[in-house]
Amino acid sequence: MSTAKKEYKRITTKTLVDMKRRGEKISMLTAYDYTMAKIVDNAGIDVILVGDSASNVMAGHETTLPITLDQMIYHASSVVRGIERSLVVVDLPFGTYQSDPKEALRSAIRIMKESGGHSVKLEGGKEIKDSIKKILNAGIPVMGHLGLTPQSIYKFGTYTVRAKEEEEAEKLKEDAIMLEQTGCFAIVLEKVPAKLAEEVAKSVSIPIIGIGAGNGVDGQVLVTHDMLGMTHEFNPRFLRRYLDMYAEMTTAFQQYGKDVKSGDFPNEKELY
Ligand code: KIV
């Protein structure tokens, strides 16, 4: 259990902004179900992201685009039932906020009402400013997401580092300031050069949570299944694996299979 766990009973959006002010780093991981959320929350992780990466990790899709609002609500409500302390952020999936602000608000309201999540995350900068404003005006906290925004993968064409060129870096810096001024409580910054990420973190008073954005930002996020080593095929440089769960689980499943076939399971102590 982290020391932060004892200090804050419940993490709110305000807690995160206070953490940044005090120079305390913010920890964030994904969860898509009750059991995982309970473990992550109990470990003292500050923020749980119900990411649309569920589309890849849970459903096996190649991109985050296919996941629906109903599916995100199902995942988020399972997560909310597992937590006591962490702040729960829920991704608005592709196609539920880009067309107009009213639709964005309807989607965000459904997430808040039907899942019990505490806030929503949207990908993009000035193109979605009006949608963000509309959601914020309804009292729903918004986390931004800049840099590599996986919902735009077909526009980018690849998952490589974003904003290496001056023009894109300038736009990113402007977008971060716009998101702060509009009222977002934090921003995820994905796969951008560390120097740029640090500059962005220094230019705003809201926390910048990085993934593949170096250590000059205010917090870090990873996809839990990746950091546990449950996924093997995804190997970006920024990913630190804390376990090799793929190997551990394979060994356990193989042993179980052997025990069943040999008749060793169940044994005398496992009977009624
Ligand atoms: O969906 C997700 O898991 C995310 C993280 C990669 C930040 O957006």
Side-chain angles (χ1 to χ4, degrees), residues 10-18 20 26 28 30-32 46-55 64-65 67-80 83 86-152 155 171-172 174-190 200 204-209 211 218-219 221:
R10 186 122 217 178
I11 303 289
T12 65
T13 55
K14 185 178 172 304
T15 319
L16 300 186
V17 178
D18 288 346
K20 169 158 180 155
I26 296 162
M28 172 160 147
T30 58
Y32 318 111
D46 301 313
V47 185
I48 295 185
L49 171 65
V50 185
D52 58 0
S53 51
S55 179
T64 58
L65 274 66
I67 199 160
T68 66
L69 190 55
D70 284 338
Q71 287 165 343
M72 287 304 295
I73 289 169
Y74 168 77
H75 287 299
S77 56
S78 308
V79 165
V80 168
I83 61 109
S86 308
L87 180 82
V88 177
V89 181
V90 185
D91 267 337
L92 278 191
F94 176 70
T96 67
Y97 63 95
Q98 290 91 345
S99 58
D100 76 86
K102 279 191 189 156
E103 192 199 16
L105 177 59
R106 273 195 299 275
S107 305
I109 287 177
R110 279 202 61 201
I111 297 248
M112 301 299 282
K113 251 185 169 357
E114 297 176 40
S115 78
H118 309 141
S119 57
V120 295
K121 175 162 82 59
L122 282 72
E123 294 182 6
K126 69 171 194 292
E127 320 75 49
I128 57 159
K129 182 178 173 184
D130 292 342
S131 294
I132 292 175
K133 262 194 186 162
K134 191 93 181 155
I135 296 170
L136 286 165
N137 283 342
I140 301 171
V142 175
M143 178 181 270
H145 185 152
L146 297 173
L148 176 66
T149 47
Q151 292 179 10
S152 305
K155 184 175 97 184
K171 181 184 181 307
L172 193 149
E174 283 166 22
D175 280 340
I177 289 167
M178 180 283 291
L179 290 176
E180 173 179 39
Q181 285 173 351
T182 307
C184 289
F185 71 87
I187 301 170
V188 162
L189 195 47
E190 181 164 353
V200 171
V204 293
S205 57
I206 57 171
I208 300 295
I209 318 255
I211 174 164
D218 309 300
V221 56

Name all residues meeting the side chain to side chain contact (heavy atoms under 4.5 Å, CB included) criterion together with Val17; count only those two or more places apart in sequence or in a different chain, and write none if there are none. Pro207
Tell me, please, which residues at least two apart from Glu174 pass salt bridge (Lys or Arg N to Asp or Glu O under 4.0 Å). none
Taking only residues two or more places apart in sequence or in another chain, which ones pass salt bridge (Lys or Arg N to Asp or Glu O under 4.0 Å) with Asp52? none
Just jot down the side chain to side chain donor-acceptor pair (under 3.5 Å) partners of Ser53, sequence neighbours excluded, or say none. Tyr32
For Glu114, all residues meeting side chain to side chain contact (heavy atoms under 4.5 Å, CB included), sequence neighbours excluded: Ile73, Arg110
With Thr15, which residues qualify under side chain to side chain donor-acceptor pair (under 3.5 Å), at least two apart? Thr12
With sequence neighbours left out, write down each residue that passes side chain to side chain donor-acceptor pair (under 3.5 Å) with Lys113, or none if nothing qualifies. none
Could you work out, with side chain to side chain contact (heavy atoms under 4.5 Å, CB included) as the rule, every residue matching Ile177, not counting sequence neighbours? Gln181, Ser203, Val204
Holding to side chain to side chain contact (heavy atoms under 4.5 Å, CB included), I want the full list of residues that pass it with Asp18, two or more places apart in sequence or in another chain. Lys14, Arg21
So the salt bridge (Lys or Arg N to Asp or Glu O under 4.0 Å) pairs with at least one residue in residues 89-101 (sequence neighbours excluded) are Asp91-Lys121
Suppose we screen for side chain to side chain donor-acceptor pair (under 3.5 Å). Which residues come up paired with Ser86, at least two apart in sequence or across chains? Asp41
Residue pairs involving residues 132-141 (criterion side chain to side chain donor-acceptor pair (under 3.5 Å); sequence neighbours excluded): none
